[in-house]
Every structure is written in structure tokens, then in C-alpha cells.
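Reviewing the structure listed below.
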Amino acid sequence: MTKPTVAIVGRPNVGKSTIFNRIVGERISIVEDVAGVTRDRIYSSADWLSHEFNLIDTGGIDISNEPFLEQIRLQAEIAIDEADVIIFLTNGREGVTDADEQVAKILYKTNKPIVLAVNKVDNPDMRDMIYDFYALGFGDPFPISGSHGLGLGDLLDKVAESFPLEGAEEIEEDVIRFSLIGRPNVGKSSLVNAFLGEDRVIVSDVAGTTTDAIDTSYEYEGQKYKIIDTAGMRKKGKVYENMEKYSVLRALKAIDRSDVVLIVLNGEEGIREMDKRIAGFAEDAGKGVMFVVNKWDAVEKDDKTMKKFTTDIRESFLFLDYAPVAFVSAKTKQRVNTLFEKVKLISDNHAFRIQSSVLNEVVEDAVARNPAPTSKGKRLRIYYATQVAVKPPTFVVFVNEPELMHFSYERFLQNRLRESFGFEGTPIRLITRARS
Ligand code: GDP
Ligand code: GDP
């Protein structure tokens, strides 16, 4: 089941990022007494009791060129577009302000559940402050205090009540879910259209209707696929669609829901800093990954151009050395069909399970050929290995002393596994444990 998404929306300085950090459970993003402080993180997974969800701090989606009211309007729209449940945050110490009313006006347009929270109610004597907020028309306001961590339990209970029913979007086992992520304008939607051979992805969006993710399902040579919707693919012409933080948010959401992620690069422009950030998210998430260099038709080439671009990719994305690279053109459809096979292969590798006996033969053989080096007079001894998970394949290696496992030796073992089992496109994880 896909995790529901909760967005926090509200005018600046009501405490959105404070609440975000409280709920996420880490206090890493900076909160200062300045309105509009930039945040490091605007999207994270979180949990409450048995519920897992993703949380968005819309205040972190900085829409710097727009006037104040326009900014909060856009942030509220993003919340409506992206969330299953919206937390509308206000400040009890200041009462209802014009800006709160502006936010409310936009939120009236959605049918999505909205929970109204009144922040900065730091002690029980202050609870009277919440009554004014009934006027906003979202039912009972929940008094909370971000700085003291009060009231969050009741608020999250209410939020969780509004989650879509379990199983509403079940993950079908036999479907390969993939997404195309990348900067705006690299050609993601053109590629999807080229895949499908017609403009099926582009749907006209009627103002005011729900705008849930528009995924595309199709079948190719007996295999079912689902293309997870990403930024820039819907082409609704929203002001914020080309904004960097927004496209990052969409990429994160899409990665979450995918087995395989296609990182689309613009062959004409080469690799940019933003590409590296986006690729980093895919890597951290442990998904299958490949690089797709698009607009290859527009690149002036000789016989070395492809090799040179591949080298650039390898140097820019050091930790994604297992990800294959394809050079395609959405415009001419050159090699677009080869992507299907690759996605299938990567998905199979990502879900691959190795028999213990076979795994241990490979590990023993690797150790025999290249014994672990000694460290401070001690030698690492590997007793046996076992696969504990798929997606991505994860192995536990039982040893005498885990501290003796050096990074380079771990890398060597990983490479031996790759050579033996061909894990193209998927990360693999090794965990070292002392044999008990
Ligand atoms: P945002 O702009 O809505 O994300 O607001 P911030 O999270 O950056 O908070 C704005 C200011 O309000 C900061 O100075 C916070 O320390 C302060 N603040 C946040 N929550 C509370 C609270 O529950 N009580 C009080 N007294 N101050 C708070
Ligand atoms: P997205 O924002 O990543 O979804 O990018 P689009 O699919 O909207 O494409 C952005 C622009 O690049 C459009 O003007 C496309 O026509 C153009 N484009 C996309 N793919 C190709 C391609 O393979 N070759 C060329 N020359 N242009 C392309």
C-alpha cells in the first residue's frame, strides 16, 4: 500500500517547519526567529502509531519571485495537489489574520480532508485562544505547541483518521512500477509519450477537480508496467511546476512509489548540479536505477561522443556505477524501445533472491582468492552469508569481528557478487554481523 501524504500549509512564521521537525522526529532543519528561513528538508517519511506517511512542509517551497500573498496561495495549491490530508497551521498568539483567511479561501476549493491546528498554545491556560479559529470554517481547531511538543498526538490521530482506506492503492505484485525523474525540460513527458506511441499521458485538467497522481499503466510483451507520474508530466501549466524545490518534491514522491527510476539527463546540455541531487535521492532510496540521456538527436556527435558522455556520467555519479546508460531521443524515438527491456531487467535484478548455498559458494571462492587483509594482527574471518531482503538485495555476512571489515574489502565482496549474479541497475547492500 502506498503511504499517504500529509502537507503542512499556513502563512510564514506560524511554526510549519517546527512542527515538521517535531513530527519527523529529528531536529535538523534550522528554525530561526526570522520569517522565511530556508529549510534543508521539505519532505520526509514519518510515522504515528502504526501509520506511516510522508510529510511535506510547503513553507519550504520557496517561491521567491512572487509577492507574499501569491506565495502562500501557491503553497496552498501545492498542498492540495500533493497531499491526501492537509494540516492548516495558524498561530494562536496572533489570532486569525488576513493571510490565514487567504489560505482558507484556497483550501475551501478542495474536497481533501483538512485539519486545522492552532500553534503556539504553549500551556493549558492559553487554550481559550483557539475559539476565534472556528470562524475559518474547518471545524474543531486543534491546539498545539511545536516548541513544547504539546497536542501533536491528538492532531495526528485526527490526521490519521482521514487517511485513505488501506488497500485503496494496493501494490500489485506482477506490475513493474517505474518513474522518469529529472530537471524540468529534460524531456520526461516527451519520453513517456514516445514510449506509449501516442499522447495518452497528457490529460486535460479541469479546474477544481481532484488532482491525484496520474499514473499510466500499460502492457508490453506480456509484462505489466506502471509509469509513476512525475513533475512536468502533467503539463497543467501551473506556475510552480518549473520551480526547483517543487520538482525535487515530485521526484521524491515518484521515487518512493517506484521499483525502477530512470534518471533523465539532457544530452544537449550535459550534466548539471541539480541532476546530481536528484540522482542522490534515487540512490538513497535503494531503487533500481538507470540513466537515460535524452535529446541525443540534437547532439553533434562523432564516434567518441557517447563514450565521453558515459565517462562524464561515471565521474559525476560515482556511487551509481551499477546503473546502465542509454542514449535516446524522444523526438525521433531512437532506441526508446530498448528502455523497456532494461527496465524489466533492472526490476528483476532488484527483486532477485539468491539461494544460500550458491551465495556461500561465491563468497567462499572470493575469500579463497583474496583473503581479507589483517588489521592490527587480526584477520577478518567470514563464516557465512545469507540474503535477508530484496528490493534491493540485502545480504548479511557473519564474521568474527565486524570492525575488521574494511570498506575496500566490502567493496570487493560486492563486486564479486555483481560479477557472479549480474546485478545491473540495482544497488546491493552488505551488512556485517558478529556470529553469535
Ligand atoms: P514557519 O515559517 O511557519 O515554518 O515557522 P517556523 O517553524 O520557522 O517558526 C517560526 C517561529 O515561531 C520560530 O521562532 C519558532 O521558534 C516559533 N515557534 C514555533 N512553534 C512554536 C510554539 O509552539 N510556541 C512558541 N512560543 N513559538 C513557536
Ligand atoms: P519535461 O519537463 O522533462 O517533461 O520535458 P518535456 O517532455 O516537456 O520536453 C521539454 C522540451 O524538450 C520540449 O520542447 C520538447 O519538445 C523537447 N524535447 C523532448 N525530447 C526531445 C528530444 O529527444 N529531442 C529534442 N530535440 N527535443 C526534445
Side-chain angles (χ1 to χ4, degrees), residues 1-10 16-17 19-26 41-61 75-89 103 106-107 109-117 138-140 142 144 146 151-173 175 177-179 181 209-217 226-231 233-234 245-246 248-259 261 281 284-287 391:
M1 135 112 196
T2 312
K3 284 191 265 182
T5 300
V6 177
I8 307 176
V9 67
K16 293 182 296 300
S17 93
I19 299 295
F20 177 88
N21 288 329
R22 274 276 176 196
I23 296 177
V24 166
E26 293 161 64
R41 261 201 324 179
I42 56 166
Y43 181 85
S44 174
S45 57
D47 51 64
W48 171 243
L49 302 177
S50 60
H51 301 282
E52 283 183 39
F53 57 95
N54 294 315
L55 189 65
I56 301 171
D57 170 9
T58 61
I61 303 171
Q75 287 172 352
E77 278 184 5
I78 289 170
I80 292 174
D81 272 1
E82 302 299 328
D84 298 299
V85 183
I86 297 166
I87 297 176
F88 176 14
L89 197 65
V103 176
I106 297 144
L107 297 179
K109 293 186 202 150
T110 180
N111 294 325
K112 295 199 173 165
I114 290 161
V115 183
L116 175 63
F138 292 106
D140 294 332
F142 283 77
I144 60 172
L152 288 175
D154 288 345
L155 175 69
L156 291 175
D157 278 345
K158 181 69 184 175
V159 167
E161 261 174 38
S162 308
F163 284 158
L165 286 180
E166 298 255 340
E169 197 196 0
E170 249 167 65
I171 296 184
E172 299 156 82
E173 284 295 321
V175 178
R177 300 155 65 92
F178 71 96
S179 54
I181 63 170
T209 60
T210 67
T211 47
D212 286 319
I214 302 153
D215 300 333
T216 309
S217 299
K226 188 179 238 179
I227 308 180
I228 306 297
D229 180 44
T230 351
M233 283 173 42
R234 291 187 285 173
K245 275 268 177 79
Y246 180 73
V248 169
L249 171 71
R250 291 309 311 257
L252 283 165
K253 278 190 80 178
I255 292 168
D256 252 3
R257 300 177 57 225
S258 304
D259 301 312
V261 176
F281 298 131
D284 290 346
K287 303 295 181 167
K391 296 188 174 187

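Residue numbers run from 1 in the order of the sequence given.
- In this structure Asp259 satisfies the side-chain hydrogen bond (donor to acceptor under 3.5 Å, both in side chains) test together with Lys391, sequence neighbours excluded.
- Judged by distance alone, with hydrogens and angles left aside, the side-chain atoms of Lys112 form a donor-acceptor pair with the main-chain N or O of Ile80 at under 3.5 Å.
- With hydrogens and angles ignored, the 3.5 Å screen pairs no side-chain donor or acceptor of Arg177 with any backbone N or O of Ile228.
- Ile78 CD1 to Ile86 CD1: the interatomic distance, rounded to the nearest 0.5 Å, is 11.5 Å.
- In this structure, CD1 in Ile19 is found 3.5 Å from CD1 in Ile144, a value given to the nearest 0.5 Å.
- Residues that satisfy the ring pair (Phe, Tyr, Trp, His ring centres under 6.0 Å) test with Phe53, not counting sequence neighbours, are Phe163.
- The two residues Lys287 and Ile255 have their closest heavy-atom pair at CE-O, 3.2 Å.
- With Thr58 contributing its side chain and Ile8 its backbone, the two residues share a donor-acceptor pair below 3.5 Å.
- Expressed to the nearest 0.5 Å, how far OG1 of Thr5 lies from CG of Asp256 amounts to 7.5 Å.
- Contact annotation: the side chain of Leu252 never approaches that of Ile42 to less than 4.5 Å [non-hydrogen atoms, C-beta and beyond].
- The heavy-atom pair separating Pro164 from Pro4 by the smallest distance is CD-CB, 4.1 Å.
- In this structure a side-chain-to-backbone donor-acceptor pair under 3.5 Å is present from Lys253 to Glu82.
- Ile23 CD1 to Leu156 CG: the interatomic distance, rounded to the nearest 0.5 Å, is 4.5 Å.
- Here Leu155 contributes atom CG and Trp48 contributes atom CH2; the two are 9.5 Å apart, rounded to the nearest 0.5 Å.
- Side-chain N or O atoms of Lys3 include none that pairs as donor or acceptor with a backbone N or O of Ser45 at under 3.5 Å.
- When all heavy atoms are compared, the tightest approach of Phe20 to Leu55 is CE1-O, 3.4 Å.
- Shortest non-hydrogen contact noted between Asp154 and Phe142 is O-CE2, 3.6 Å.
- With rounding to the nearest 0.5 Å, the separation of CD in Gln75 from CD1 in Ile106 is 10.0 Å.
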